[in-house]
Amino acid sequence: MRKLVIRHSLSQANNRENLGTPAFASADAPLMDGGRIIANVLGITLHETYHMDTTEALAATSTMLRTSETALCAGFDPRHLVAYPILDEVPKAREFIELRAMLDAGTVPPEAVEAAYRVLENPPEEEIWFTHGLVIAGLCKVLGVYQDARVVPRFCEVRELVIAGQ
């Protein structure tokens, strides 16, 4: 079954100016103003490219605020969003500098691959998933897709994945 897997928009949790503060990587960090604009454009893209009525579509999100806010800014109805902890950000097993170097070298961290296997064991049924960069990187690695693309997708980037058994 085809899934549209979307990285959340720019939030205070991803603002490098917040590195070392409680806001960096926080589950409750809201989208930044620029992130809201990018998510609005995502709604237009989903409508024009995927012929989707976001007001009627069902979507899975992580339990973190930035994914549901991205969906809402893209035009999804809050009654049609289902939160799944399995889509939450991958806990970082290494320092930011080390992780950034791995990703820049095109290497998907083992913890992201493990998270992907957990998602694939019991994937959300919804066609659209709003999740996090390392989750998507792990899914792409495990499924053998987007290997020539950026390891971690850009904010609000849509990747089409085929999940077997769905």
Side-chain angles (χ1 to χ4, degrees), residues 1-16 18-19 24-25 27 29-32 34-50 52 54 57 59-76 81 83-84 86-94 96 98-120 123-124 126-163 166:
M1 175 71 67
R2 177 187 82 146
K3 304 290 182 182
L4 299 180
V5 181
I6 303 167
R7 184 178 180 198
H8 63 80
S9 199
L10 178 63
S11 74
Q12 290 295 343
N14 304 97
N15 182 353
R16 289 189 184 170
N18 289 335
L19 190 60
F24 195 76
L31 294 183
M32 297 172 65
R36 287 185 186 84
I37 292 168
I38 296 167
N40 285 318
V41 172
L42 169 66
I44 295 166
T45 300
L46 291 172
H47 176 73
E48 292 179 355
T49 304
Y50 298 96
M52 183 178 299
T54 57
T61 68
S62 80
T63 64
M64 298 178 166
L65 180 61
R66 54 193 175 273
T67 59
S68 59
E69 277 194 344
T70 300
L72 294 171
C73 287
F76 284 79
L81 301 178
Y84 293 86
I86 195 79
L87 294 177
D88 284 353
E89 181 61 272
V90 174
K92 311 281 188 301
R94 56 199 83 244
F96 177 78
E98 179 186 0
L99 176 62
R100 183 81 259 150
M102 287 180 77
L103 297 173
D104 288 347
T107 303
V108 178
E111 56 271 23
V113 172
E114 292 168 15
Y117 279 116
R118 285 192 299 275
V119 170
L120 293 171
E126 292 78 10
E127 178 187 2
I128 303 115
W129 298 354
F130 288 89
T131 188
H132 304 268
L134 286 177
V135 173
I136 298 169
L139 287 166
C140 290
K141 176 75 173 175
V142 169
L143 296 171
V145 296
Y146 293 95
Q147 299 306 298
D148 294 329
R150 216 176 116 94
V151 173
V152 173
R154 299 190 186 285
F155 296 112
C156 288
E157 182 179 327
V158 179
R159 292 196 177 175
E160 292 185 55
L161 302 181
V162 176
I163 309 295
Q166 284 268 293

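Not measured: the values here are computed from a predicted model. Computed over heavy atoms, backbone and side chain alike; hydrogens, waters and symmetry mates excluded.
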- Query: About how many Å separate CG of Leu46 and CD of Glu48, when rounded to the nearest 0.5 Å?
  - Reply: 10.5 Å
- Task: Enter the distance from Phe76:CZ to Thr61:OG1 here, rounded to the nearest 0.5 Å.
- Result: 11.0 Å
- Task: Mind listing the closest non-hydrogen atom pair of Pro91 and Glu111 along with its distance?
- Result: O-CG, 3.9 Å
- Message: So, applying side-chain contact (heavy atoms from CB on, under 4.5 Å) with Tyr146, which one of Leu139, Ile136, Val151, Leu161 is it?
- Response: Leu161
- Item | Chi angles and distances behind the side chain to side chain donor-acceptor pair (under 3.5 Å) call for Thr67, Ser62 | CA-CA 6 Å; Thr67 59; Ser62 80; 3.0 Å; yes
- What's the spacing between Glu127 CD and Ile163 CD1 if we round to 0.5 Å? 12.0 Å
- Message: For Gly133 versus Glu89, what's the shortest heavy-atom pair and its separation?
- Response: N-OE2, 4.4 Å
- Item | Any Thr54 side-chain heavy atom under 4.5 Å of His47 side chain | no
- Item | Contact check, side chains of Val162 and Leu143, non-hydrogen atoms, under 4.5 Å | no
- Message: Within the structure provided, determine whether Leu99 and Leu134 are in side-chain contact (heavy-atom separation under 4.5 Å).
- Response: yes
- Tell me, yes or no, whether the heavy-atom count around Tyr50 atom OH, taken from other residues, nucleotides or ligands under 6.0 Å, exceeds 12. yes
- Gap between atom CD1 of Ile128 and atom CG of Leu4 - 0.5 Å precision: 6.0 Å
- Could you check Leu31, Leu65, Ile38 and say which one makes a side-chain contact (heavy atoms from CB on, under 4.5 Å) with Thr70? Leu31
- Task: Please work out which of the three classes, parallel, tilted or perpendicular, describes the rings of Phe155 and His8, given edges at 30° and 60°.
- Result: tilted
- CZ of Arg154: more than 12 outside heavy atoms within 6.0 angstrom? no
- Query: Can you tell if the side chain of Pro109 reaches within under 4.5 Å of the side chain of Glu98, non-hydrogen atoms only?
  - Reply: no
- Counting N and O atoms only, with roles assigned by atom type, does the side chain of Ser11 sit under 3.5 Å from a partner on the main chain of Ala29, one being a donor and the other an acceptor? no
- Just wondering, do Val142 and Val108 contact through their side chains at under 4.5 Å, heavy atoms? no
- Do you know which two heavy atoms are closest between Pro153 and Arg7, and how far apart they sit? O-NH1, 2.8 Å
- How many angstroms lie between atom CZ of Arg66 and atom CE of Met32, to the nearest 0.5 angstrom? 13.0 Å
- Value for CD1 (Ile6) from CH2 (Trp129), rounded to nearest 0.5 Å, stands at 12.0 Å
- Item | Exam field: side chain Gln147 to backbone Cys140, donor-acceptor pair closer than 3.5 Å | yes
- Query: Is there a side-chain contact between Leu87 and Pro124, using heavy atoms and a 4.5 Å cut-off?
  - Reply: yes
